[in-house]
Amino acid sequence: QLLSSITGFHGHHIIHTHYILYLFCSSLSNRNRWLPAKLKPQLFTGKPEKIIDDFDPLKKPKRNKFAFGCAILASMTSILLGYDIGVMSGASIYIKRDLKISDIQLEVLIGIINLHSLIGSFLAGRTSDWIGRRYTIVLAGSIFFVGALLMGFAPNYAFLMFGRFVAGVGVGYALMIAPVYTAEVSPASSRGFLTSFPEVFINLGALFGFVSNFAFSKLPINLGWRLMLGIGAIPSVFLAVGVLAMPESPRWLVMQGRLGDARQVLNKTSDSKEEAELRLADIKQAAGIPETCTDEVVQVTKQNHGEGVWKELLLHPTPSVRHILIAAIGIHFFQQASGIDAVVLYSPRIFEKAGITSDKYKLLATIAVGFFKTMFILVATFLLDRVGRRPLLLTSVGGMIVCLASLGVSLTIIDHSHTKLTWAIALSIASVLCFVASFSIGMGPIAWVYSTEILPLRLRAQGASMGVVANRVTSGVISMTFISLYEGITISGAFFLFTGIAMVSWVFFFIMLPETQGKTLEEIEGCFGNFTKKSNDKEVNVENNSNGPIQLGTNGRHA
């Protein structure tokens, strides 16, 4: 009656006005739960539809502790790569002195593990589809364990290179499987938080590596660097034990036709029973299993075990798959092409060029680098599901551009100065620390989170391995050529080059990457296919038709 007296509308006009008022109120509160679950879609399409929002409680659910634990255990594999990156930055100083190798041999030794990891990445996709995500994690830890021991006992350069080869294969397995497993067990409400864990543990491993360098630097030169490398086998032991407490990925279980087991895992890793059933229905649909099927074990077609995946990815991709593939490979390429591994691996040399000559102070400065990376990656984990992937990524890259330019300017000033400029040295150190902080708060974790969650179930393992390949190849090229690069164009010129690459990456991300925050893994594929479409752009179309229902469109899908 009040609406009638205010608007002058009667009958079904009042219904339309009432629902417009409902839309306004729900947009303010971001909670549209008070309409019955079956009524909301009927107002738009005339057909009932289930969405995860229908099952969300009025209060924000607490983080699922079981999914949290699974993500931590899976992400521990990333410590292996992080430790190797951190420890090699300092160990390389003593390896060069002890084995008397050239700069070319040294940069090959440092960077070659990234190319060796390609073997593990190529094998990991098919291996994880064959033996499961969980046992692939065990395999990754076991291979790295052997590689770390070989490096620790290496008597010469050739044997050390062989140890790097074995460890690199383990790193390739670990890099691919950790984000895939974590994304597949995580509920949509905390997927960004949990899937960023691999990057958290890479940074934590790097910090351990920096501390290890400082701790063993006082030992005899022929013993110190071997302990630095060999002690990296310890995390592998904890990983092998911890994985026994992890369940298998529910999506892998569905791919094997084990619906009963998948349901049990989803019940433990979802925020509610209803969400677990909805996630199971989405996975079954993606795997080609009828939604009405309630059997505990079913027969799954061969295509869901990996056949035809490479053909769909590379030879005959749909527009959405092509867009997804470009986005996944592009974000991994630019993550490394912006120079993060050059800064971390060669930070002692950068600080030496900035005017720090003592080994002790160079190693202490690298610990500061590891500390800043770790602290800001922890900040990023709490922002991913609040701010969203896209704004956080663009802000992060913007900060990286400023810091790289500042580092290039300060090193240029130091290089052309005949006196020691304390302020320029301080600016160089501050630029390095701010660069790794900017990287860690966005670009670092989002590359792994985003590239994993946008891949459809049928393409996820192989697609993720392609992203890792792009990541490791780029990292290998940068780390194996950085010394030669800065000797050719000066160290400041190298960082101006990285500045230009970072600027190109910002444009690429702005154009190519839609928002995925809060969407289920199966919904995300619908956000791709139009290279300028942003998934968080919403359009509301209200038809002023007295006899027609209100139509609300969101990215071409009914709400």
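- Proximity of a side-chain donor or acceptor of S475 to a complementary backbone N or O of N471 within less than 3.5 Å is not detected.
- In this structure, the separation between CZ on R263 and CD1 on I283 is 11.0 Å, given to the nearest 0.5 Å.
- Counting heavy atoms from C-beta outward, M246 and Y181 have side chains that approach closer than 4.5 Å.
- The main-chain N or O of E184 is found under 3.5 Å from a side-chain atom of R251 such that the two form a donor-acceptor pair.
- Heavy-atom minimum distance, S75 versus F201: O-CB, 3.3 Å.
- Shown here for A74 and I137, the closest heavy-atom pair between the two residues is CB-CD1, 3.9 Å.
- Considering every non-hydrogen atom in both A67 and P187, the closest pair reads CB-CD, 4.0 Å.
- Listed by chain and number, the residues in a side-chain contact (heavy atoms from CB on, under 4.5 Å) with L139 are T127, I143, Y173 (sequence neighbours excluded).
- I131 is not listed as a side-chain neighbour of W252, based on a closest heavy-atom distance of 4.5 Å or more.
- Nearest approach of V185 to C70, heavy atoms of both residues: CG2-CB, 4.3 Å.
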Inset, instruction - Please test V298 against I289 for side-chain contact (heavy atoms from CB on, under 4.5 Å), starting from the C-alpha separation and ending with a verdict. - result: CA-CA 9 Å; V298 299; I289 300 173; 4.0 Å; yes

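- Taking the ring axis of F509 as reference, the NZ or CZ atom of R389 does not stay both within 45° of it and closer than 6.0 Å to the ring centre.
- Between the side chain of S338 and the main chain of Q335, a donor-acceptor pair closer than 3.5 Å is present.
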Inset, instruction - Go through the steps for L314 and M466 under the test side-chain contact (heavy atoms from CB on, under 4.5 Å), then give the verdict. - result: CA-CA 11 Å; L314 302 176; M466 290 180 67; 3.6 Å; yes

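- Contact check for L513 versus L393: side-chain heavy atoms found under the 4.5 Å cut-off.
- A side-chain donor-acceptor contact under 3.5 Å links T381 to the backbone of L378.
- The structure places CG of L313 at 9.5 Å from OG1 of T318, a figure rounded to the nearest 0.5 Å.
- Side-chain atoms of S440 come within 3.5 Å of backbone atoms of K373 as a donor-acceptor pair (strictly under, hydrogens ignored).
- A heavy-atom distance below 4.5 Å is not found between the side chains of M76 and P235.
- Looking only at side-chain heavy atoms (C-beta outward), L115 and R472 stay at 4.5 Å or farther from each other.
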Legend entry - Full working for side-chain contact (heavy atoms from CB on, under 4.5 Å) between T136 and W130: CA-CA 9 Å; T136 303; W130 179 39; over 6 Å; no

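- Within a 6.0 Å sphere centred on CZ of F376, heavy atoms belonging to other residues, nucleotides or ligands number 12 at most.
- For residues 237-246, the set of pairs meeting the salt bridge (charged side-chain N to carboxylate O under 4.0 Å, His left out) definition, not counting sequence neighbours, is empty.
- Between L394 atom CG and M443 atom CE the span is 10.0 Å, to the nearest 0.5 Å.
- Pairing each heavy atom of A276 with each of N267, the nearest pair is CB-OD1, 3.3 Å.
- One distance of note links OG1 of T269 with CD of E275; it measures 8.5 Å at 0.5 Å rounding.
- A side-chain N or O of S270 and one of R279 form a donor-acceptor pair less than 3.5 Å apart.
- No side-chain donor from either of T474 and Q336 sits under 3.5 Å from a side-chain acceptor of the other.
- A donor-acceptor pair under 3.5 Å is absent between the side-chain atoms of R126 and the main chain of F122, judged by distance alone.
- Once rounded to the nearest 0.5 Å, the distance linking CG of N114 with NE2 of H116 reads 10.0 Å.
- How far OG of S128 is from CD1 of I177: 4.0 Å, rounded to the nearest 0.5 Å.
- Listed by chain and residue number, nothing satisfies the ring pair (Phe, Tyr, Trp, His ring centres under 6.0 Å) test with F333 (two or more places apart in sequence, or in another chain).
- Side-chain contact check for P445 versus V200: every heavy-atom pair is 4.5 Å or farther apart.
- Counting heavy atoms from C-beta outward, P317 and L325 have side chains that stay 4.5 Å or more apart.
- Shown are R133, E248, Q264; of these, the side chain to side chain contact (heavy atoms under 4.5 Å, CB included) with L253 is made only by E248.
- Looking only at side-chain heavy atoms (C-beta outward), M400 and S396 come within less than 4.5 Å of each other.
- Contact detail for P391 and V387: the closest heavy-atom pair is CG-O, 3.3 Å.
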Inset, instruction - Give the intermediate values and the outcome of side-chain contact (heavy atoms from CB on, under 4.5 Å) for residues L259 and V297. - result: CA-CA 6 Å; L259 301 185; V297 180; over 6 Å; no

